[in-house]
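The structure under discussion appears below in the form of structure tokens.
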Amino acid sequence: AIPLQYGAQYSGKRTDDAMNKWRSNRFGQFIHWGLYAIPGGVWNGKTYNYAAEFLKASANVPSATWDSLMYQFNPVKFDAKQWAKMAKKMGVKYMTITTKHHEGFCLWPSKYTDFSVAGSPYKKDILKQLVEAYNAEGIDVNFYYSVLDWHHPDWRNDIKSPQDSVAFKRYLDFAYNQLKELATNYPTVKAFWFDGTWDNSVKKNGKWTYEVEKMLKEVSPGVIVNSRLRADDYGKRHKDSNGQLMGDYESGYERRLPDPVTDTAVTRWDWEACMTIPENQWGYHKDWTVSHVKSPLELLEMLVHTTSMGGNFLLNFGPTGNGDFRKEELDIATVIGNWMGKYGDAIWNCDYAGMKKEDWGYYTKKKNSNQLNMVVFNWPSSGLLKVRTPRGMVLDKASFVDAKGNALKVEEIADNQYLIQVPVKLYTSPQVIQVDFHQGATNGKYQKAKT
Ligand SMILES: C[C@@H]1N[C@@H](c2nc3ccccc3[nH]2)[C@H](O)[C@@H]1O
């Protein structure tokens, strides 16, 4: 192994209470909210199709002009309690909010900058209201923080001169102080989601990324940090020069998921995927007709897919400049919430089942149980669900999770191969079949069918 000072600090999954809770949450709400929500992808009457939170760059807006949006920030419809109620109904167990995105505008009255809510007509601390409202609903709150900062004069993309070094050191001190301020003033925050760390300037400061992780865990014991923060002694990110994951979970899945057949390695560590509803919009965009907008069922399948591979799914919402949500997002929250209300037990506190992916859908397994969930998206016209079990796993009985009394026929057709007989019907939402199993030897092939 290559000796590293700023590499991975430990290997394997954390098993402390804080991480077990983070893992059991499974489903989270991402919220991107900032000045970019005011123009919503339109500048001087022109619509820019690229991600709305990049409008400053897409429309080449001078910093002074963009920053003056602060004087328009006054979300009169913002109601943290209402947001938290919607999130509760959707079935999320955590929420991750952008404290500061690439534009540098802070949703809390930071004492290290004037470019915050304190300088806007709105004035009040948005983070405080959100943390209190979501925690009151039993939802954990995590903080997103962009190291990339277009507003701060000392930000540098790379270090090309001694002057760059001096300036960027000032920037890193600023960011360190803001992060300490966030961890200190909002002690119930459970995790920090770092972004904007891909530039050479950050990669050349692996020590700073190590010190930020260390400080946060001193200020807020048990707090969780994503892999995206970290660079090691040689600028390697996410995994260090010895291939060890840094931070507490892998956060490389942005708008994409690992493949259930070829990428099963991810089941060996903790990870989270973050997902947009349109193709690529995190901040509010006025015109969603410019790309495919995922349906509730598409997103639900991604949530189940993620849980089936032992990951967390962070679904993004982009509130308007006024502080309310667009209809598409409200509808998605309702449809997914209805399903989670009935079948959330197949998601919360569930993990990878260690079974081969089948065409009909995904397996999840409740932690510390012999309860296997089959979440069926592709209902078989044959009425037969194929199940291949690992050696030593014997299926006992199966039923629809919402009809435990009606046992389904479970037929062992070969060693570690079963067929579960189900009615041939057209369902309009994924069905959940619960299977009880035990560890033991199979009784050889063609054992008589069990009901
Ligand atoms: C979680 C997502 N990460 C940000 C982002 N910035 C990028 C710059 C270049 C390429 C991809 C990016 N994703 C997006 O704005 C969003 O916050």
Side-chain angles (χ1 to χ4, degrees), residues 27-41 43 48-61 66 69 92 94-107 126-127 130 141-152 155-158 175 178-179 182 191-203 209 224-231 237-238 247 249-258 271-286 288 290-291 294 299 302 306 311-321 329:
F27 185 25
Q29 178 189 35
F30 214 165
I31 296 178
H32 276 71
W33 203 25
L35 299 179
Y36 43 76
I38 297 170
W43 197 262
Y48 292 80
N49 294 347
Y50 194 61
E53 70 280 4
F54 276 82
L55 182 62
K56 178 178 186 287
S58 311
N60 277 317
V61 182
W66 185 266
L69 285 168
V92 297
Y94 70 105
M95 182 274 279
T96 301
I97 175 74
T98 50
T99 62
K100 180 190 84 160
H101 201 261
H102 308 334
E103 65 178 8
F105 181 68
C106 300
L107 294 187
I126 283 172
L127 296 188
L130 286 172
V141 173
N142 302 337
F143 279 169
Y144 164 112
Y145 184 88
S146 173
V147 178
L148 169 57
D149 188 320
W150 297 327
H151 171 80
H152 198 288
W155 164 264
R156 295 290 183 280
N157 292 324
D158 198 354
Q178 283 207 315
L179 287 161
L182 287 170
F192 281 83
W193 206 105
F194 287 91
D195 200 11
T197 53
W198 44 77
D199 288 298
N200 284 337
S201 52
V202 182
K203 286 160 69 171
T209 72
I224 291 155
V225 166
N226 68 337
S227 62
R228 212 177 273 214
L229 163 65
R230 303 281 276 101
R237 296 180 61 234
H238 293 281
Y249 69 91
E250 187 191 357
S251 61
Y253 290 98
E254 179 172 320
R255 297 189 301 114
R256 65 189 176 94
L257 299 180
W271 62 279
E272 178 192 60
C274 57
M275 191 58 68
T276 51
I277 296 174
E279 195 46 46
N280 184 9
Q281 295 294 336
W282 299 91
Y284 174 74
H285 194 294
K286 284 177 179 156
W288 267 17
V290 295
S291 83
K294 299 177 192 74
L299 293 161
M302 292 182 180
T306 302
N312 281 9
F313 187 69
L314 186 59
L315 177 57
N316 184 69
F317 288 73
T320 70
E329 292 183 347

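Ligands are counted one by one from 1 in listed order, and the atoms in each one are counted from 1 as well.
Judged purely by distance below 3.5 Å, without hydrogens or angles, the side chains of Thr209 and Arg230 pair a donor atom with an acceptor atom. Looking only at atom types and distance, the side chain of His102 has no donor-acceptor partner in the side chain of Asp149 under 3.5 Å away. Tyr94 and Glu272 are linked by a side-chain donor-acceptor pair at a separation below 3.5 angstrom, with hydrogens and angles left out of the test.
Between Trp155 and Val202, the closest heavy-atom pair is CH2-CG2, 3.9 Å.
Residues with a heavy atom under 4.0 Å from ligand 1: His32, Glu53, Phe54, His101, His102, Tyr144, Trp193, Asp195, Trp198, Glu254, Trp282.
Ring orientation note: the planes of Phe54 and His101 are nearly perpendicular, at an angle over 60° on the 30°/60° scale.
Scored by the ring pair (Phe, Tyr, Trp, His ring centres under 6.0 Å) test, His238 finds no partners at all (sequence neighbours excluded).
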